[in-house]
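These notes are about the structure you will find just below.
What you see below is based on every heavy atom in this structure, not just the backbone, and it leaves out hydrogens, waters and symmetry mates. Atoms within each ligand, like the ligands themselves, are counted from 1 in listed order.
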Amino acid sequence: MLILGIESSCDDTGVALLNGPDEVLYSQVASQWVHERFGGVVPEIAAREHLVSLDPLVNDALSQAKVAAKDIDLIAVTAGPGLVGCLLVGACYAKGLATRLGKPLVPINHVRAHVHGALLGIAKKERRYPLLALVVSGGHTHLYAMASPTEFELVAHSLDDACGESFDKVAKLLGLGYPGGPVVEKQAKQGDPKRYPMPTPVKESARMAFSYSGLKTHIVNLLRQEPLTTAKDKADLCASFQQAALNHLTRKLAKAIEQYPDTEAIVISGGVSANQAFRRLAEAELRVPVHFPALAYCSDNAAMIASLGYYQFQQHRAPSYSSWDVFSSYPYSSSSTAG
Ligand code: KG4
Ligand code: ZN
């Protein structure tokens with residue numbers, strides 16, 4: 001089955017062609033560096049950039065994979081969550097193409113698809129369910145219990161900021177630029193994580209929730225009382241913050257394993273899963289196998305959209321979503337409780 005995946009929820013235009021759920025024939029992302037000078041994504045500009053990149057990328061996918069548009073069996077497109085203007089560009093394009101080709105279209109939840117990005121890099125025999133899947137990105141910190149590729153039970157989510165967002169905010173406070181994760185990680189490598197004691201978020205061990213605004217507020221207050229003067233101060237603060245942020249994720253994952261004792265594996269995805277210190281910590285602390293995605297599938301891409309699209313289509317045998325109203329809603333809810 002040939003699946004065309006389309007991703008346009010934020011500032012990356014992604015197009016992928018998969019043969020079945022995990023054979024990637026083509027996956028490319030056009031990243032929008034234009035936002036760098038604004039220190040964050042400008043939604044209007046992002047939507048217009050998708051409009052420019054999408055059609056050429058789809059044509060490139062077809063010519064690189066040596067397939068014709070009529071050979072596509074299924075189109076999967078990100079339906080949310082994301083920036084509405086950006087989602088509309090992808091959804092309207094996909095809907096138009098599906099209508100022209102007479103092919104089924106499946107709307108995909110972006111957060112859930114991240115899990116399938118991580119699964120893409122894992123050998124089939126190691127993908128054992130039930131598993132726990134953590135998505136840690138700039139917009140979400142979601143932990144799911146999964147009994148199959150399409151069953152997502154939301155176990156925990158952030159009560160406030162997402163983990164990646166807190167890296168971005170701390171980097172901004174320290175004047176380190178955007179996105180914050182990679183620069184904070186780089187600084188943290190030279191720093192002493194014990195220098196600045198940090199609060200422990202969501203202390204109650206049984207409470208399955210994440211929280212990141214407290215760490216950020218603590219750093220705002222600390223900078224007011226004690227401005228950082230040397231490069232070593234900055235590195236130490238990054239190391240202290242990063243350790244607290246990653247310990248919080250690992251502690252809650254360990255608790256979830258206790259609550260779901262049949263768990264066969266942990267899958268971690270989303271931008272923060274690129275963090276090498278997190279990879280080492282999770283592998284050392286958790287007593288079930290931990291899988292991280294190949295770096296190409298950590299951040300936003302369309303291969304993950306196509307892969308989940310395959311499973312969703314198999315499960316629902318969905319007819320074309322030709323009546324799907326892209327302007328007001330999408331069928332796979334992104335609300336924090338439904339995940
Ligand atoms: O999944 P993603 O590419 O986009 C969405 O938010 O959906 O995640 C981006 C987030 C940003 O907040 C970025 O700072 C964070 O992932 N990130 C990292 C690292 N690389 C990216 N956070 C910590 N350490 C990293 N190495
Ligand atoms: Zn994402």
Decide whether the shortest distance between a heavy atom of [X] and an atom of ligand 1 is less than 4.0 Å.
| X | value |
| --- | --- |
| His140 | no |
| His110 | yes |
| Cys10 | no |

Go through ligand 1 atom by atom and flag the ones less than 4.0 Å from a non-hydrogen atom of [X].
| X | result |
| --- | --- |
| Ser299 | 3 (O) |
| His114 | 1 (O), 7 (O) |
| Pro182 | 19 (C), 20 (N), 21 (C), 25 (C) |
| Gly139 | 6 (O) |
| Asp168 | 11 (C), 12 (O), 13 (C), 14 (O) |

- Walk me through it: do Asp161 and Ser213 pass the test side-chain hydrogen bond (donor to acceptor under 3.5 Å, both in side chains)? CA-CA 6 Å; Asp161 292 351; Ser213 67; 5.3 Å; no

- Note on the structure: Which atom of Asp300 is nearest the Zn ion (ligand 2), counting N, O or S only? It is OD1

What is the closest protein heavy atom to [atom], and at what distance does it sit?
| atom | value |
| --- | --- |
| atom 7 (O) of ligand 1 | Asp300 OD1, 3.3 Å |
| atom 1 (O) of ligand 1 | Gly271 N, 3.0 Å |
| atom 24 (N) of ligand 1 | Asn275 ND2, 3.0 Å |
| atom 18 (C) of ligand 1 | Gly181 CA, 3.4 Å |
| atom 6 (O) of ligand 1 | Gly138 N, 2.8 Å |

- Stepwise side-chain hydrogen bond (donor to acceptor under 3.5 Å, both in side chains) test for Asp60 and Tyr26: CA-CA 9 Å; Asp60 190 47; Tyr26 177 96; 2.7 Å; yes

- Task: Could you tell me whether Glu283 and Arg279 have a side-chain N and a carboxylate O separated by less than 4.0 Å?
- Result: no

- Task: Carefully, step by step, assess Asp233 and Thr230 under the rule side-chain hydrogen bond (donor to acceptor under 3.5 Å, both in side chains).
- Result: CA-CA 5 Å; Asp233 290 343; Thr230 66; 3.3 Å; yes

Has ligand 1 got any nitrogen or oxygen that is less than 3.5 angstrom from a nitrogen or oxygen of [X]?
| X | value |
| --- | --- |
| Gly164 | yes |
| Phe167 | no |
| Pro179 | no |
| Glu185 | yes |
| Ala274 | no |

- Query: So, do Tyr196 and His218 have ring centers that fall under 6.0 Å from each other?
  - Reply: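 That pair fails the under 6.0 Å test.
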
- What do you reckon, are the aromatic ring centroids of His142 and Phe152 less than 6.0 Å apart?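 Centroid distance His142-Phe152: not below 6.0 Å, so no.
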
- Query: salt bridge (Lys or Arg N to Asp or Glu O under 4.0 Å) between Asp192 and Lys232: does it pass, once the steps are laid out?
  - Reply: CA-CA 9 Å; Asp192 171 9; Lys232 170 138 183 31; 5.3 Å; no

- Query: Taking side chain as C-beta onward, heavy atoms only, is Met198 less than 4.5 Å from Asn247?
  - Reply: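 No, side chains not in contact.
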
- Indicate yes or no: at least one non-hydrogen side-chain atom of Leu237 is less than 4.5 angstrom from one of Leu222. yes

- With a cut-off of 2.8 Å, does any N, O or S atom of His110 fall short of it relative to the Zn ion (ligand 2)?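 So His110 counts as coordinating the Zn ion (ligand 2), yes.
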
- Could you confirm whether His114 has any N/O/S atom lying under 2.8 Å from the Zn ion (ligand 2)? yes

- Message: Please tell me whether Gln312 and Thr150 have a donor and an acceptor in their side chains that are separated by less than 3.5 angstrom.
- Response: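 Short answer, no.
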
- Message: Pair Tyr311, His116 - check ring-ring contact (aromatic ring centres under 6.0 Å, His included), show working.
- Response: CA-CA 10 Å; Tyr311 290 114; His116 285 270; 5.3 Å; yes

- Item | Mode of Val272 contact toward ligand 1 - side chain, backbone, both, neither (heavy atoms, under 4.0 Å) | both

- Query: Ignoring hydrogens and geometry, is there a side-chain-to-backbone donor-acceptor pair from Glu185 to Gln276 under 3.5 Å?
  - Reply: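 Yes: the side chain of Glu185 pairs with the backbone of Gln276.
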
- May I ask whether Phe210 and Phe241 are part of the same hydrophobic cluster, defined by side-chain heavy atoms of I, L, V, M, F, W, Y residues being less than 4.5 angstrom apart, directly or through others? yes

